[in-house]
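Both ligands and their constituent atoms are indexed starting at 1 by order of listing. We use all heavy atoms of the structure for the numbers below, so side chains are in, but hydrogens, waters and symmetry mates are not. Not measured: the values here are computed from a predicted model.
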Amino acid sequence: MDALSQVTTAQAAIEDAPTLVVKVGSSLLVREDGSIRRDWMAALVDDITDLVKDGRRVVLVSSGAIRVGLRVQGRQPDNLGLDEKQAAAALGQIRLAEAYADCFAERDLHVGQILVTQEDTEERRRYLNARATLNRLLDWGTIPLVNENDTVATAEIRFGDNDRLAAQIAVTVGADHLVLLSDVDGFYSANPNEDAAAIRFDTITEVTSEIERMAGDAGSGLSKGGMKTKLMAAKMAMGA
Ligand code: GLU
């Protein structure tokens with residue numbers, strides 16, 4: 001199959017998937033100054049609404065809490081201690097969830113907030129409980145809105161990035177597809193901002209060690225992931 005028909009096949013599969021997990025990165029949703037891009041959010045919510053009204057089950061994993069919370073305090077995202085990030089997440093998460101809840105409510109849909117730590121997905125009883133809650137929300141036609149529980153997740157027990165968290169959630173709900181939305185338009189052989197010769201891959205069918213070597217870390221600010229964590233997420237999802 002050539003690359004274009006593979007992309008087309010992947011898109012068609014997403015359109016038909018009964019259960020999807022969609023992850024949104026901070027840099028897409030939140031401006032440098034910490035304000036939420038409401039137009040972008042509305043466009044995303046429109047797309048998800050179409051899917052849900054068509055009977056699809058969609059889990060939304062969204063970053064942005066820390067950046068939004070820092071704006072509330074008028075602070076910059078530089079040189080922050082863990083406690084400052086956690087306090088910012090507490091201030092930001094409530095506003096992020098409110099923005100999503102308002103946006104979905106305008107379309108007659110409801111979101112339910114789920115904040116998890118890595119432990120919640122590793123300890124069997126907590127994992128089963130989280131899974132039951134996610135599935136119940138999906139059965140009700142509502143949208144689980146997931147983020148890491150940054151306010152309590154210390155370094156040792158953190159996912160740290162929402163790419164792998166989203167992959168874990170995809171495994172938990174048995175999703176057919178995991179979609180990682182980013183401000184980078186695809187996977188490149190090198191960082192396209194630094195290397196003009198970087199080539200974009202439309203389709204990658206196997207995460208080989210050569211592909212892994214090409215992936216970079218997070219670009220800027222409070223974005224925790226990067227292509228590395230996206231590949232890890234892809235591997236986790238493919239493995240499941
Ligand atoms: N949980 C963090 C937040 O909401 C984001 C982690 C990430 O960017 O992957 O700010």
Do Met236 and Val21 belong to the same hydrophobic cluster, where Ile, Leu, Val, Met, Phe, Trp and Tyr are linked whenever their side-chain heavy atoms lie under 4.5 Å apart, directly or via other members? no

Within the 4.0 Å heavy-atom shell around Ser63, which atoms of ligand 1 are there? 4 (O), 5 (C), 7 (C), 8 (O), 9 (O)

Under 3.5 Å: N/O of Lys23 near N/O of ligand 1: no

Co-membership, hydrophobic cluster, residues Leu115 and Phe104, 4.5 Å side-chain: no

Look at ligand 1 and say whether Ala89 reaches it with a heavy atom at a distance under 4.0 Å. no

Which of the numbered atoms in ligand 1 are below 4.0 angstrom from a heavy atom of Asp150? 1 (N), 2 (C), 3 (C), 4 (O)

So the atoms of ligand 1 within less than 4.0 Å of a heavy atom of Ala65 turn out to be 3 (C), 4 (O), 10 (O)

Check: Asn162 N/O within less than 3.5 Å of ligand 1 N/O: yes

Donor-acceptor pair, side chain of Asp183 and main chain of Leu28, under 3.5 angstrom: no

Asp161 heavy atoms within 4.0 Å reach ligand 1 at atoms 9 (O)

Can you check whether Ala65's main-chain N or O pairs, donor with acceptor, with Gln93's side chain at less than 3.5 Å? no

Does Asp163 reach ligand 1 with a nitrogen or oxygen that is under 3.5 Å from one of the ligand's nitrogen or oxygen atoms? no

Within 4.0 Å of some non-hydrogen atom of Asn147, the atoms of ligand 1 are 1 (N), 3 (C), 4 (O)

Is there a side-chain contact between Val59 and Val22, using heavy atoms and a 4.5 Å cut-off? no

Take atom CG in Leu181; do more than 12 heavy atoms of anything else shown fall under 6.0 Å from it? yes

Are the side chains of Tyr100 and Val24 in touch, meaning some heavy atoms are under 4.5 Å apart? yes

